[in-house]
**Q** 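I have a structure I would like to understand better, so I am pasting it below and will then ask my questions one at a time.
Letters A, B, ... mirror the listed sequences (proteins, then strands); counts begin at 1.
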2 protein chains.
Amino acid sequence: MTEAIDKIGVMNIPQLRRSFKEQMHQAREEAIVTAASRLMGKKGFEAMTVEDVACAVGIAKASLYKHFAGKDELCAAAMVQVVDRTGRFLRELPASLPPLERLRALLRWLLELQLTDEMPLMLSRNSGLAGPLKACEAYQAALRDLHGLVIGWIEQAQQAGQINPALPSDVVMCAIFARAADPMLRLLRDRGTYSDAQIVDWAVDSCLSGLAARA
Amino acid sequence: MTEAIDKIGVMNIPQLRRSFKEQMHQAREEAIVTAASRLMGKKGFEAMTVEDVACAVGIAKASLYKHFAGKDELCAAAMVQVVDRTGRFLRELPASLPPLERLRALLRWLLELQLTDEMPLMLSRNSGLAGPLKACEAYQAALRDLHGLVIGWIEQAQQAGQINPALPSDVVMCAIFARAADPMLRLLRDRGTYSDAQIVDWAVDSCLSGLAARA
DNA sequence: GTCTATACAGAGATAGAC
DNA sequence: GTCTATCTCTGTATAGAC
């Protein structure tokens, strides 16, 4: 009996422990990326420091470098995460939702990401992360994936006469994705007169109306 | 005779030389601000260094500090300059131009500033200059001035049934000014498929259509 | 893998001679 | 007012003990 247990132990525990360690490792990495994402959303890529992230997670700066080669890689991982989350959100939309409503849902998602100070999907102009991100294959692939999805909906909405068919579909796509870093939200919020919900409504509405088919 | 000349000399030359010096001083400051403006447009506030600016002007970094107390003040001056230039442009529009066309001209101006890599009128999200700029009275005053002008045109266009009267005029204003830092331009330009002129046309058009009165 | 301590680099700002 | 040389601080990244 004890032999049997020992055997199980010998056979399995090392594997279990290894798996456990890996889970811990991955959990820690996720915590780091999430913290980086939040800080980047609040302060921007340049202003956020690696130390900030380490503090937020509760580890030492040097430990962080065991997980990520540097600030660029860490932030690129954060960008990949937000693109992936967006992709998941889009794929979970009810199958019954018509293309135009999918686009509206995407717009709202992008704007809310920005307003809640999370990592916006789009880098703002002149971000120092733009270069490293161009070289990050994981990011580029995730983005291409999103683009394919969205372009499809746009073309359907154009065929349905809801989106201006005179606009190339990639122009429409850029117009929508650009809202993720639209300064309008901050401008309006800083006025202090309107609620966040109201601001998002206006932004969604004016964007889609601008792309709608004309009479 | 020599006495007379001397007298003129004594009386006027000091004044002339002083005026000359002041002109030089002002010209140098303008050159500095202009260089800062360009560099800030290209690289952004954080990435641009004071040394960059000094090099571009052809002076030493320390000399620059005789003109401006620091980087913040220098960049604030650059922002004031671009706001002032925009104000001049708007006031020079032909008196016959109807309000909606004035707004269109403003939009085009803002977008072209951005595309030509000059200092955009709007800071992009999370710029480190945002704080200092809030404290800069000259900037705030210049901006208020612009706002008053533009709000007036918007209300006229609303009364003429061209701009959606359901939108508060300051919301329309924010929507327009935000285009100055709209990431859409960069996104489209990076695709490499369209000309700058085409891009600006689409951006102007989709923005104004989004704000137009609905059927 | 985590920590403390430190090296290294870049950029803002200043000192002091001319 | 301009210059060269320097200070100082901050932030990325690494060394080395445990």
Side-chain angles (χ1 to χ4, degrees), chain A residues 14 17-33 35-36 39-40 42-78 126-133 135-136, chain B residues 14 16-33 35-36 39-40 42-79 126-133 135-136:
Chain A
R17 283 188 63 192
R18 184 176 166 77
S19 162
F20 178 74
K21 267 179 98 173
E22 273 175 3
Q23 276 183 26
M24 286 290 90
H25 186 84
Q26 190 171 350
R28 217 167 10 241
E29 280 201 351
E30 266 184 40
I32 295 171
V33 169
L39 281 163
M40 220 165 131
K42 257 199 245 302
K43 314 179 38 168
F45 171 70
E46 345 272 344
M48 177 205 83
T49 74
V50 176
E51 178 106 39
D52 285 340
V53 179
C55 279
V57 181
I59 61 176
K61 190 166 49 164
S63 306
L64 197 151
Y65 278 90
K66 298 284 180 182
H67 293 270
F68 297 93
K71 188 184 182 183
D72 290 356
E73 287 76 6
L74 169 59
C75 291
N126 286 331
S127 170
L129 189 54
L133 223 45
C136 173
Chain B
L16 282 172
R17 284 187 66 191
R18 183 176 168 77
S19 160
F20 179 73
K21 267 178 99 170
E22 273 177 3
Q23 276 183 25
M24 285 290 93
H25 186 84
Q26 191 170 350
R28 214 164 18 238
E29 281 203 349
E30 265 183 40
I32 295 171
V33 169
L39 282 163
M40 221 165 131
K42 257 200 243 302
K43 315 180 33 167
F45 171 68
E46 344 273 343
M48 177 206 83
T49 73
V50 176
E51 179 109 39
D52 284 340
V53 178
C55 278
V57 181
I59 60 176
K61 190 165 54 162
S63 305
L64 197 152
Y65 278 90
K66 297 286 179 182
H67 292 270
F68 296 93
K71 188 185 182 184
D72 291 354
E73 287 75 5
L74 168 59
C75 291
M79 291 296 293
N126 285 332
S127 170
L129 189 55
L133 222 45
C136 173

**Q** Of all the nucleotides listed (D/dG1, D/dT12, C/dG1), which has the minimum atom distance to the side chain of B/H25?
**A** D/dG1
**Q** What's B/S63 touching, base or sugar-phosphate or nothing? Going by heavy atoms closer than 4.0 Å.
**A** base
**Q** Can you tell me the distance, in whole Å, between the CG atom of A/L74 and the C1' atom of D/dA13?
**A** 13 Å
**Q** Base, sugar-phosphate or nothing for A/M24? Non-hydrogen atoms, less than 4.0 Å.
**A** nothing
**Q** Return the value, rounded to whole Å, for the distance between atom CD1 of A/I32 and atom C1' of C/dT2.
**A** 12 Å
**Q** Measure CD/B/E29 against C1'/D/dT2 and give the value in whole Å, please.
**A** 15 Å
**Q** Could you check whether the side chain of A/K71 and the base of D/dG11 have a donor-acceptor pair of N or O atoms closer than 3.5 Å, going by distance alone?
**A** no
**Q** Any donor and acceptor pair, going by atom type alone, linking the side chain of B/K61 with main-chain N or O of B/C55 inside 3.5 Å?
**A** no
**Q** Nearest heavy atom decides the nucleotide; on that basis, is A/K61 or A/K66 closer to the 5' end of DNA chain C?
**A** A/K66
**Q** When you get a sec, tell me which of C/dA11, D/dA13, D/dT2 is the closest nucleotide to the side chain of B/H67?
**A** D/dT2
**Q** Between D/dA15, C/dA15, D/dT12, spot the one nearest the side chain of A/A62, thanks.
**A** D/dA15
**Q** Nearest whole angstrom, please: distance from the C1' of D/dG1 to the CD of B/E22.
**A** 15 Å
**Q** Under 4.0 Å from OP1 or OP2 of D/dT2: is there any side-chain N or O of B/R28 that close?
**A** yes
**Q** Starting at CD of A/E73 and ending at P of D/dA13, how long is that distance when rounded to a whole Å?
**A** 8 Å
**Q** Using side chain to side chain contact (heavy atoms under 4.5 Å, CB included), reason through A/V33 and A/F68 one step at a time and then give a plain yes or no.
**A** CA-CA 10 Å; A/V33 169; A/F68 297 93; 3.5 Å; yes
**Q** A cation-pi test, strictly: NZ or CZ of A/K71 under 6.0 Å from the centre of the six-membered ring of A/Y65 and no more than 45 degrees from its axis. Yes or no?
**A** no
**Q** Specify the separation, in whole Å, of atom CD of A/E51 and atom C1' of D/dT14.
**A** 14 Å
**Q** Which one, D/dT4, C/dG12, D/dA13, comes nearest to the side chain of B/Y65?
**A** C/dG12
**Q** Between D/dT10 atom P and B/E46 atom CD, what is the distance in whole Å?
**A** 17 Å
**Q** Quick check: closest heavy atoms across B/L39 and B/M48, and the distance to 0.1 Å?
**A** CB-CG, 3.8 Å
**Q** Take the protein atom CD1 of A/I59 and the nucleotide atom P of C/dC3, then report the distance between them rounded to whole Å.
**A** 7 Å
**Q** Checking B/E46 side chain against B/S127 main chain: does a donor-acceptor pair fall under 3.5 Å?
**A** no
